[in-house]
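Working notes, beginning with the structure itself.
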Amino acid sequence: MLTAKTRFGETLNMLPVPIVTADQSDRIVFANDRAAQLFGYTREELIGGSTAMLFPGAGPCAANPAGAANQALRGATSAGAVHTLIARRRDGVSFPAEAETSHCRIANQLLQITTISDWSKCPEFGRNPKELEHLARASSLGELAGSLAHELKQPLTAILFNAQAAKKFIDSETVNLAELREALEDIVSDNCRANDVIQKIRALVRKGDVELQMLDVGSVVRDIALLVHSDALTREVRTSFDIADNLALICGDRVQLQQVVLNLLLNAFDAVKDCAPADRLVETIVREEPDGHVRITVKDRGQGLTVDNMDKIFRPFFTTKPQGLGLGLSISRTIATAHQGRLWAENNDDRGASFHLTLPLSRGGRQPGGLRA
Ligand code: ADP
């Protein structure tokens with residue numbers, strides 16, 4: 001007669017995903033065919049071995065700095081815990097993996113059951129992090145493309161209108177120099193406006209190296225406010241930007257930080273899209289904190305986050321949107337961490353979610369005379 005353990009093992013073997021079960025001391029008691037195939041061992045070779053041979057004690061995968069390596073296979077995790085790890089095949093080749101662990105008691109033995117997803121199969125994961133970051137940025141700009149065209153159309157139309165008026169003034173018998181000057185001045189200022197938008201888009205599209213400089217975070221947010229202006233209008237989302245004056249400077253990469261703010265704002269616009277018009281509001285607040293950090297908060301009145309999703313949203317490729325890449329928040333968190341900062345989310349007391357980005361202020365880096373950087 002089949003024992004409960006054997007029946008359980010047979011069932012796991014029929015499942016089309018790699019599964020490993022281990023006892024309390026991390027000893028592998030069962031591995032299904034898929035797992036053996038993934039790691040390049042036979043099932044017999046795996047059984048009795050340590051889970052550390054599959055998930056060596058190296059640090060967490062770069063894509064998820066918050067994840068604790070190997071914890072997924074240790075008893076410390078709660079049921080259903082998911083971790084991004086570096087796994088290792090028998091031939092020594094490492095690959096990124098996601099491990100989801102739950103616990104179950106079979107024949108009086110507490111077992112950890114771990115399901116493994118091989119991320120090296122994901123075409124996007126093979127790219128280097130810089131390319132991935134660029135891909136996410138280009139995708140955010142792609143979302144904005146229609147409204148950016150609109151943003152540019154306004155000054156271009158005004159330029160055409162003023163140029164036609166100027167021509168008329170010149171052709172008339174009595175040239176009104178004051179009117180002519182005004183039309184030409186408008187042309188120059190509209191040209192600067194269009195140029196400003198183009199420069200900001202070009203800066204975001206560039207594939208450059210990280211460029212650390214002293215920055216006013218307020219100006220980073222203002223640049224992005226300019227880019228999302230038309231998108232917010234099109235989506236009928238009201239925005240407010242409350243940026244403290246005379247912020248101390250931080251040391252950072254302007255484009256990377258713009259990418260984070262752009263991502264938070266576009267996510268917030270998505271979050272409020274099904275709200276009643278009164279709730280289609282996204283507020284951005286920038287303040288200096290007493291502990292030597294500057295905090296950017298993007299607050300929406302959307303559906304908020306479920307407890308389950310609160311952590312998942314920072315994982316690469318997690319998305320609830322049909323057209324989503326699921327890269328924005330994971331890359332944003334990597335950028336925040338690289339700046340010695342933090343990025344996290346919380347639900348608001350009334351409704352919606354707030355995303356907070358804190359960055360350490362550079363010592364002695366205040367803007368001279370309150371001027372913006
Ligand atoms: P994407 O936008 O491509 O889905 P992100 O990494 O930026 O990728 O976001 C991951 C997921 O986090 C989104 O699909 C969504 O489910 C959730 N999310 C992000 N921002 C918010 C928000 N402001 N309110 C509710 N959910 C959000």
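Owing to the predicted nature of the structure, the values given are computational and were not obtained by experimental measurement. Ligands are counted one by one from 1 in listed order, and the atoms in each one are counted from 1 as well.
The nearest heavy-atom contact from the protein to atom 14 (O) of ligand 1 is Thr320 N, 2.9 Å. Protein heavy atom in closest approach to atom 4 (O) of ligand 1: Thr319 OG1, 2.5 Å. The protein heavy atom nearest to atom 9 (O) of ligand 1 is Leu329 CD1, 3.7 Å. Nearest protein heavy-atom contact of atom 24 (N) of ligand 1 is Ala271 CB, 3.5 Å. At the top of the distance list for atom 12 (O) of ligand 1, counting protein heavy atoms only, stands Ile313 CG2, 3.1 Å. In terms of protein heavy atoms, atom 22 (C) of ligand 1 is closest to Phe355 CE1, 3.6 Å. Of all protein heavy atoms, the one closest to atom 2 (O) of ligand 1 is Lys321 NZ, 2.8 Å. Residue, atom and distance of the protein heavy atom nearest to atom 8 (O) of ligand 1 are Gly326 CA, 3.3 Å.
Using a cutoff of 4.0 Å between basic side-chain nitrogens and carboxylate oxygens, Asp190 and Arg193 are scored as salt-bridged.
In terms of N/O distances under 3.5 Å, ligand 1 is approached by Asn267. The distance criterion of under 3.5 Å between nitrogen or oxygen atoms is not met by Ala268 with respect to ligand 1. Considering backbone and side-chain atoms together, Ser330 places no N or O closer than 3.5 Å to any N or O of ligand 1. Note: an N/O pair closer than 3.5 Å links Gly328 and ligand 1 by distance alone.
Residue nearest to atom 10 (C) of ligand 1, selected from Phe314, Phe269, Phe318: Phe318 (by heavy-atom distance).
Between the side chains of Asp253 and Gln256, no donor-acceptor pair of N or O atoms lies under 3.5 Å. Between the side chains of Asn348 and Ser354, at least one donor N or O lies within less than 3.5 Å of an accepting N or O. Donor-acceptor pairing under 3.5 Å is lacking for the side chains of Thr297 and Arg287.
Counting non-hydrogen atoms of neighbouring residues, nucleotides and ligands closer than 6.0 angstrom, the CZ atom of Arg351 exceeds 12 such neighbours. The environment of Asp349 atom CG is sparse: at most 12 non-hydrogen atoms of other residues, nucleotides or ligands sit within 6.0 angstrom. Around CD of Glu182, the count of heavy atoms belonging to other residues, nucleotides or ligands within 6.0 Å does not exceed 12.
Residues Pro18 and Asn32 share a closest heavy-atom pair of CA-OD1, 3.7 Å. The minimum heavy-atom distance between Arg301 and Cys275, with the atom names listed, is O-SG, 3.2 Å.
Judged by the shortest distance from any of its heavy atoms, Gly304 lies inside the 4.0 Å radius around the atoms of ligand 1.
Judged by the 6.0 Å distance and 45° axis criteria, Arg333 is positioned over the aromatic ring of Phe314.
At a heavy-atom cutoff of 4.0 Å, ligand 1 is contacted by no atom of Asn309, backbone or side chain. When heavy-atom distances to ligand 1 are checked against a 4.0 Å cut-off, Leu305 comes that close only through its side chain, counted from C-beta outward. Neither the backbone nor the side chain of Leu264 has any atom closer than 4.0 Å to an atom of ligand 1 (non-hydrogen atoms only).
For the side-chain contact (heavy atoms from CB on, under 4.5 Å) with Gln258, the qualifying choice from Val221, Asn263, Ile224, Leu227 is Ile224, the only one to do so.
Annotation for ligand 1: atoms under 4.0 Å from non-hydrogen atoms of Asn263 are 7 (O).
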